[in-house]
Amino acid sequence: MPEPDRDLSRKAIAQALADLADTGHLTLVVVAADGVTAFLLHRDDNGCPRGRSWSATWADLVGERGWDADPAGTREAVVRASRAPSSSGEVILVAVSSGDPKAEQALDWLRAAHPAAQVLRAEPPIAALVREVMADDPLTRSYELVVVLADPGSGRPRLTSRQLFPLGSRPGARTRVAVRCEAAGPYGTAFAVVTWQGPAPRLLSVQSAPLVPGRYEVTAELVRPGRVRFTGLPELSPDPRDWDQLVSALPDRLPGGVGPAHLVCAVEVCGADDQVAERLSRARQVISFASGELGDLLRVSLLAYGAHSYDPSAPELPVRVAAWKTDAGEALDALDALEERGAVAGGYPYHPHAAQLEDMLAVVVERLDWADPTPAVVLTVGGRPPHPARTDPSRLLPCPHRHDWRKLLALLRKRQGTVLGAICDQAADQAHQAWHGIGAAALAPLEAVDVRGLAAALGLVTPSPVHLPFPLLDETE
Amino acid sequence: MQPEPSRGRPDHNISMWGAPGSGKTTLLAALFIALTRRNDDWKIVGSDPASSDYLIDRTNALSRGKVFPEASMTLERYHWTLIGPAPQKTGFWGRKAKPGPPARIGLSMIDAPGGLFGTGRRPAGGVSAPDGAGDPRRQELLDNLERSRGIVFLFDPIREFTFGDAFDHMHAPLTRLAERMLASGEFTDGKLPHHIAVCVTKFDDPRVLETAEKRRLLTVDLDDPYRLPRVDSEDARELFRELCQVSASGNADMVLNALDQFFHPDRIRFFATSSIGFYVDRRTKRFDWDDFQNMVPGEADEDSRIRGQLHPINVVEPMLWLGQRLAAIRPATEIS
């Protein structure tokens, strides 16, 4: 029997809509005293219910010939007006007028044409009921906010999404998310909501606003399927960019400090006093600058190395680890001590033309935590070449410990997220070949160091202002 | 130099000859040390106080101070005598007889900064010597060579690689010497009457050792506890020829040709020489191919130093070869 209850009708329609597959259709045919109205419902690419309706009065259907003049023709016109597919798709027939002969006749014809159709009886207005059901449809896909994360390996930005509303969420649901917004260019920061169907996201909505860089506590509210409202932000406006344009606006590097970093500064402390002082001064500049950019995200290690002794009666000074993975302040204190100490390992029996570079590399290789994904920047400040592992035509005496700088450099290069930079006493074209490996990412001359440029080349900061089109997920949350 | 007392007069004289910086002074100091390490009673003594002082100073510098002896800064003339063991004479019926007089070989070195016959291609800081015909120093060198019948000629392959001036320092005195010998009737067969030991120095340098190794010229004396590599005299000429290929001037091959032109083939012998030898670790006491350089370079204003113990290679051998060859001919009648 037809169900007269409006709530029951709502439930029946809602259930039929909930069962509607992505590619299916639901046809709702409303038969009233004055005519017939067809609602055709489907889901769009994001799973949101969409619908269209067509109405026709009895007069529209039979014209001037009248209802009873050609019953077969009238029947066919009524069935055609229902727009219901004959073979596929669910059909629901809704009778809103009882007792009207034309309406009852039409209902009978439609029931005969769609024997599997549910038949409901409800009070008008049905269109409002359908809109209510559609607006209250639970989500068939998770809604997610597009955010940027720093890749732990490379420190480069990568897109990801953070779930706002899971499957089954209903309007009124709220989610809080903490983000950091950076300078974002003329369109501002885009709050893009996507759904996932397969490997590629589908853009559901995108709104943007120019925001003051900083941290924001944003509340997302599900207004209805396909509509998310963000609060905790200045008013957002529709963003004209499509998905491809938004993605292509993502820079290679993150603005400002790129994230946590471990700066390993190794300074050659043999040679002329003023040159050693200059090297230590450059190390101080880089540490201070990086600290200013990265703050607490920066860990600093400081090593000092000198020259090998080739006389057993004069034991050499080993590589000194003045600080390891400390904060910048402690490292700078250790640098003070090195400056106070000045140049070491001068004169006989210390080798005047090479330094313990290879020993320093061995210490760094041994000390670095290879399981730690934090990017490590190994910055060497010096000028002399390393000793070879064994006698070679360079005539530099071999390292007493047989350390092989080439193998050690290769090991460091293999470590994920490790960047090699150098400040060399000589210009690049005059530096020993080893310095081109030691300063593979950046090789700056001691006498003129562009500290910002060097830090940028080493990935400690970004080289120029960068616009980030999406918010950064605040991982401290 | 003072004339030698007649009783100590050597049987023959040997002159040391080579480009400035070729290592004559170091070779001399190493000679004293090498002789002291031998057990065959050969020794070197000064023929006059100045020469004795010079020998003592340079030897001390090398052995104690581990510094390379200073090169000559002024014209220097030194004379030493190599004194060998006294030969035992057997008496009748096996009775012990009085030992004979020991072999004596005079060793002279005349040197001056910049050499005496160079053309000016020499390290900065030195004085370039003009080839003036009347230069008394050059006359003195020629006098010395004329009186000698043995020559120790030092060829520094590293210097040749850098400056390429070995031929410059050789051909002028050689030509003048031939001129003198011709005038005195001792050039009758078109060859000089001298024996010459050609010492290819700096054998300890990696570039020289590598060249010898690549040419498969190296050998090891099985009796040598350190197993130091050597090049036999028979192969040293090939090493010399190979090293001539990298002469800076491209003239080094003419040195070899000039030697062949002016000396009898059986009076030329090549030696791969090192005054300081190879570094040997005190603990292993074995030559190590990975670590054999025995010299620690100095700062810009400092001299290089010897790193470990001295192991002179082919320093005594050229002298003894010359001594043996000269002893086989009649004693010199005119020696100073």
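Chain identifiers are assigned alphabetically (A, B, ...) following the order of the sequence lines, protein sequences preceding nucleic acid strands; residue numbering begins at 1 within each chain. What's counted below: heavy atoms across the whole structure, side chains too, no hydrogens, waters or symmetry copies. The shown structure was predicted, so the numbers you read here are calculated from the model rather than taken from an experiment.
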*Could you walk me through whether B/Phe240 and B/Phe270 pass ring-ring contact (aromatic ring centres under 6.0 Å, His included), step by step?*
CA-CA 8 Å; B/Phe240 182 91; B/Phe270 290 83; 5.2 Å; yes

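Contacts with chain B were tallied for A/Pro398, A/Pro349, A/Ala389; A/Pro398 has the most, counting heavy-atom pairs under 4.5 Å. Ranking B/Pro297, B/Pro206, B/Gly308 against chain A, the residue ahead of the rest is B/Pro297, based on heavy-atom pairs under 4.5 Å.
Of the possible polar contacts, none joining the B/Asp232 side chain to the B/Asp235 backbone as a donor-acceptor pair under 3.5 Å is found. Looking at A/His401, its side chain never comes within 3.5 Å of a backbone N or O of A/His403 through a donor-acceptor pair.
Proximity to chain A involves both the backbone and the side chain of B/Gln293, based on heavy atoms less than 4.5 angstrom apart. Of the two parts of B/Arg307, the backbone and the side chain both hold a non-hydrogen atom closer than 4.5 Å to a non-hydrogen atom of chain A.
Within the cation-pi definition used here (under 6.0 Å to the ring centroid, within 45° of the axis), B/Arg227 does not qualify as a partner of B/Phe287.
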